[in-house]
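Here is the structure we will look at.
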Amino acid sequence: MANLQLRRVRKSYDNIEIIRGIDLDLHDEELTVFVGPSGCGKSTLLRMIAGLEEITSGDLFIDGERVNDIPPAKRGLALVFQSYALYPHMTVAENMSFSLKLAGLSKAEREMKVAQAAQILHLESLLTRKPKELSGGQRQRVAIGRAIVRNPKVFLFDEPLSNLDAELRVRMRLELTKLHRQLRATMIYVTHDQVEAMTMADRIVVLNAGVVEQVGTPMELYRNPRNLFVAGFLGSPKMNFLTATVESQNPGNVTVKMADGSRLSVPGQLDISNHSQITIGIRPEHLRLTNTGSLAATVTTVEHLGSESYLHVLTANSEALIVRVSGETAVEADQQVNVEVDSSALHLFDQDGTSLRSR
């Protein structure tokens, strides 16, 4: 497998800059997920690594070798696209072995590699079928098998599950995670789905408008987001945000005044002056309903999910919150509630959206 390094990598189309100077290290045997909203540059970055897009400036290294000018076929990478791109007139085995045939491998070698990949992907009984005789998940496994037989240095996945239904996406997500552990492969996976990123990645690279906002393990990013963008993007449901003002600071704690006039005592010390406006971030699981909760609110919608429910509420100052509660909680729309905030779990951001401290 391989290590990759990107140094000051940029990509422009005429005067429009898509990738804006990215420095990144991708480690051997690691599953790295590029995640971000549509148009953030994640697929473009993947295609630059694959050699399908020219690097405008900067350097790309694979195992220490600069590969900017090396054609895609000689980089030792395998790309799995969102579309399966299988040859309809070929069997599963023929689709998987086609690149090996072009490379000049003998029939015996091709059959051995296809058999090994088929065993890994549970495709043994499907090798003689044509693509039209396969389900969507089976076709995607064939596309992955086509990459495995090449024994690449790095696997590149460009939103490979986007065309599958919800249940099949979950199943394929688990299969890809198991495949990574089994192959001990270096993988780069692109998705706009933060749930895929959180559940699959060893490390996540959060992209926004062509720049890297933060890199870290899923829980590092979830617990310690660097800024408002990362905080709001990772997590389902998303983090709640409330406006507040720093009222006073004492050794060990800070008092903040909420927009509705209520006050919270927050553990820690801030590098910010009193009377400064800040944004408070709080995840739905760190809010609860109590008779003495500091925030008075009105329930607007209740989402029942069985084991848990999500309450969408409006505070007295018309700020929207999502509260996670037990599925057995008997709360209805238009009901008045009091919301208690776990002040030890608050995230605080300055006016520029930068985190003031880690939890």
Could you tell me whether Arg283 sits above the aromatic face of Tyr222, with NZ or CZ closer than 6.0 angstrom to the six-membered ring centre and within 45 degrees of the axis?
-> yes
Answer yes or no: is there a donor N or O on one side and an acceptor on the other, between the side chain of Arg110 and the main chain of Leu105, under 3.5 Å?
-> yes
Basic-acidic side-chain contact under 4.0 Å: Lys101, Glu94 | no
Taking atom types as modelled and ignoring hydrogens, do the side chains of Asp260 and Ser262 form a donor-acceptor contact shorter than 3.5 angstrom?
-> yes
Side chain to side chain donor-acceptor pair (under 3.5 Å) with Asp202: which residues, sequence neighbours excluded?
-> none
Flag for Glu213-Asn227: side-chain donor and acceptor within less than 3.5 Å | yes
Would Thr243 and Glu319 count as having a side-chain donor-acceptor pair, cut-off 3.5 Å?
-> yes
Hey, which of Leu161, Asp158, Leu156 is the one that makes side-chain contact (heavy atoms from CB on, under 4.5 Å) with Tyr189?
-> Leu161
Verdict with reasoning, Gln336 to Thr298, per side-chain hydrogen bond (donor to acceptor under 3.5 Å, both in side chains) = CA-CA 5 Å; Gln336 303 296 309; Thr298 303; 3.1 Å; yes
May I ask you to list the residues sharing a hydrophobic cluster with Phe349, side-chain cutoff 4.5 Å, ordered by chain and number?
-> Leu228, Met239, Phe241
Mind checking who shares a hydrophobic cluster with Leu102, ILVMFWY linked at side-chain heavy-atom distances under 4.5 Å?
-> Tyr87, Met90, Phe98
Are Gln277 and Thr245 linked by a side-chain donor-acceptor pair shorter than 3.5 Å?
-> no
Between Asn338 and Thr290: side-chain donor-acceptor atoms closer than 3.5 Å = no
